[in-house]
Amino acid sequence: MTGSDVGGTIPSPTPTLRWTGDSIEIIDQTRLPAELALIDVRDTATAMDAMERLAIRGAPALGAFGALAVVVGFDEAAPRSLDEARSVLERLRTQIGDARPTAVNLRWAVDRTIDTALGTPAATDTATLRERLLAEAQAVGAEDAEACAEIGRLGRQVLADATNIATHCNAGRLATAGIGTALATVYAKAAAGEPVRVLASETRPLLQGARLTAWELTDAGIDVSVVADSAMASLIAAGEVDAVMVGADRIAANGDTANKVGTFVHALAAADAGIGFYIAAPTTTIDPEVPSGERIAIEQRDPDEVHSVGGRRLTPAGAGAVNPAFDVTPARLITAIITDAGVLRPPYGPSIAAALAATRGPRGRAD
Ligand code: MRU
C-alpha cells in the first residue's frame, strides 16, 4: 500500500489493529517496513508475545489492544460460571495489564474494561459479561480515535508557524487506534495544505523512527527524513527544526513525561535553541496517581536489543548493555501538552488537574 493508493495525505486504510468478530488482527510492526504482514490474535499467549516483541506498541494502541485481548483471553478460557469468569478476569488483569509497565494506557484500558463489565447492575450470566467486555473494549479504541483527531486539530493550531517538525520514536497511526498523537498534528497540517516536513530520529535500539515513522509518513505521501539519534541536537542548534513534537507513555500529575528513551535529549536541545518542545497525548496517558517523574516505572528491556541490529551482533562478547526503554522529560522543558481536552500550558499541576476534572473523571474516563 502506498500513499498514491490512498490519495496523498490520507493514511493507508490497513488498520493498526481491528476486531474481526472473534479475534484481533494487528499489523506486525516488527516486519515493517520490509513487509506489511498481519497477525491474527486469538489467544492470550499470542497477545502477550505481540506486546513483548513490540509487534503492537505505542501507549494508546497498547490500551486499545489490551482491552480487546481481555476478550480474547476470556473466550479462550470459556468460563462456565460467573465465579470462574471473575477469577479468569483477575488473572487477565495482571497478565495483560502488566505487559508494558511504563505505558499507562495499557493498565488503564484493561482495568476500565474489566471493572466496567463487572460493575453494577451485575451481569447475571457469562454471555452478558462477555458482551459487556467487548462493548467496553471497543469503546476504548473508538474513543482513542476521537482523541487523536482532536489532538491533530489542536496541534495544527499550535504548529501554525512551524514547517520543519522533529519527532522521536513513533507516535503516529501505528501507535494508536486513530491517526496518532504527535503525527496527528502533521497529518492535520498536510490535510490543510500547509507545508510540512518531518525529521524523524531513528530511535535506537528498535528503530521505531527509522522503520515505523518513516514508513507511515511515506505511505501517506508526507515529506520525511530520517536522522541518526545523535544528529538531532546539532540540527536543532543549526536552526533546521522549527518545533519538536513527540508522544508520551505516561504523564505525571506535575507534567513530567515518560516517552521513548532519547526524548529527554531532544527536549534539552530544543530548550537550548529556544524552540518549542511539545508532547501530544490523550488524557488517558495522564496518570494523576503519580505525582512526578521520578515515580514513573521505567521498563527495562532485554540487553540483546542494544547488542544487536537486525539479528546481527554489534558489540564484543563480554561487553554488557543497559536498555531502559523510556526516559523522563521534566515538565520545565515542555512548552505545552496537546491533549484531547485542550492545549495544556505550565504550570502543569493545575492545567492537568483542570483538564481531567473537566473531561471524564480522575483517570480520564466516565466513572
Ligand atoms: O516501546 P514503544 O515503541 O511502545 O514506545 C512508544 C513510544 O514511546 C511512543 O512515543 C508513545 O507510546 C506514544 S505513542 C502515541
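Here the structure is a predicted model, which means the values were calculated and not measured. Atoms within each ligand, like the ligands themselves, are counted from 1 in listed order.
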Test: Arg130 and Asp125 ion pair at under 4.0 Å: no
Heavy-atom nearest neighbour of atom 13 (C) of ligand 1 within options Gly58, Ala280, Ala248: Ala248
Between Asn323 and Gln300: side-chain donor-acceptor atoms closer than 3.5 Å: no
Proximal ligand 1 atoms for Ala171, defined as those under 4.0 Å from one of its heavy atoms: 14 (S), 15 (C)
For Asp249, atoms of ligand 1 separated by under 4.0 Å from a heavy atom: 6 (C), 7 (C), 8 (O), 9 (C), 11 (C), 12 (O)
N or O contact, His168 vs ligand 1, cut-off under 3.5 Å: no
Close approach of Ala103 to ligand 1, heavy atoms, under 4.0 angstrom: no
In one Ile/Leu/Val/Met/Phe/Trp/Tyr side-chain cluster, 4.5 Å: Ile151, Val343: yes
Residue and atom name of the nearest protein heavy atom (relative to atom 9 (C) of ligand 1), distance in Å to one decimal: Asn259 OD1, 3.4 Å
Non-hydrogen atom of Thr285 closer than 4.0 Å to ligand 1: no
Heteroatom distance test (Ala59, ligand 1): nitrogen or oxygen, under 3.5 angstrom: yes
Electrostatic pair Glu289-Arg107, nearest N-O below 4.0 angstrom: no
Glu25 with Arg18: basic N within carboxylate O range, under 4.0 Å: yes
Heavy-atom nearest neighbour of atom 5 (O) of ligand 1 within options Gln29, Lys260, Arg173: Lys260
Side chain, backbone, both or neither: the part of Leu206 lying under 4.0 Å from ligand 1 by heavy atom: neither
Protein heavy-atom partner closest to atom 14 (S) of ligand 1 - residue, atom, separation in Å: Ala175 CB, 3.4 Å
Salt-bridge present (Glu305, Arg204; N to O < 4.0 Å): no
Sub-4.0 Å heavy-atom approach of Ala325 to ligand 1: no
Those atoms of ligand 1 less than 4.0 Å from some heavy atom in Gln208: 1 (O), 2 (P), 3 (O)
Ligand 1 N/O within reach of Arg100 N/O, cut-off under 3.5 Å: yes
Cationic N near anionic O, under 4.0 Å, Asp219 to Arg173: yes
Heavy-atom pair of closest approach, residues Tyr348 and Ile334: OH-O, 2.7 Å
Nearest protein heavy atom with distance in Å, relative to atom 15 (C) of ligand 1: Thr181 OG1, 3.1 Å
Asp249 and Thr102: side chain donor to acceptor below 3.5 Å: no
Donor-acceptor side-chain pairing of Arg197 and Ser225 below 3.5 angstrom: yes
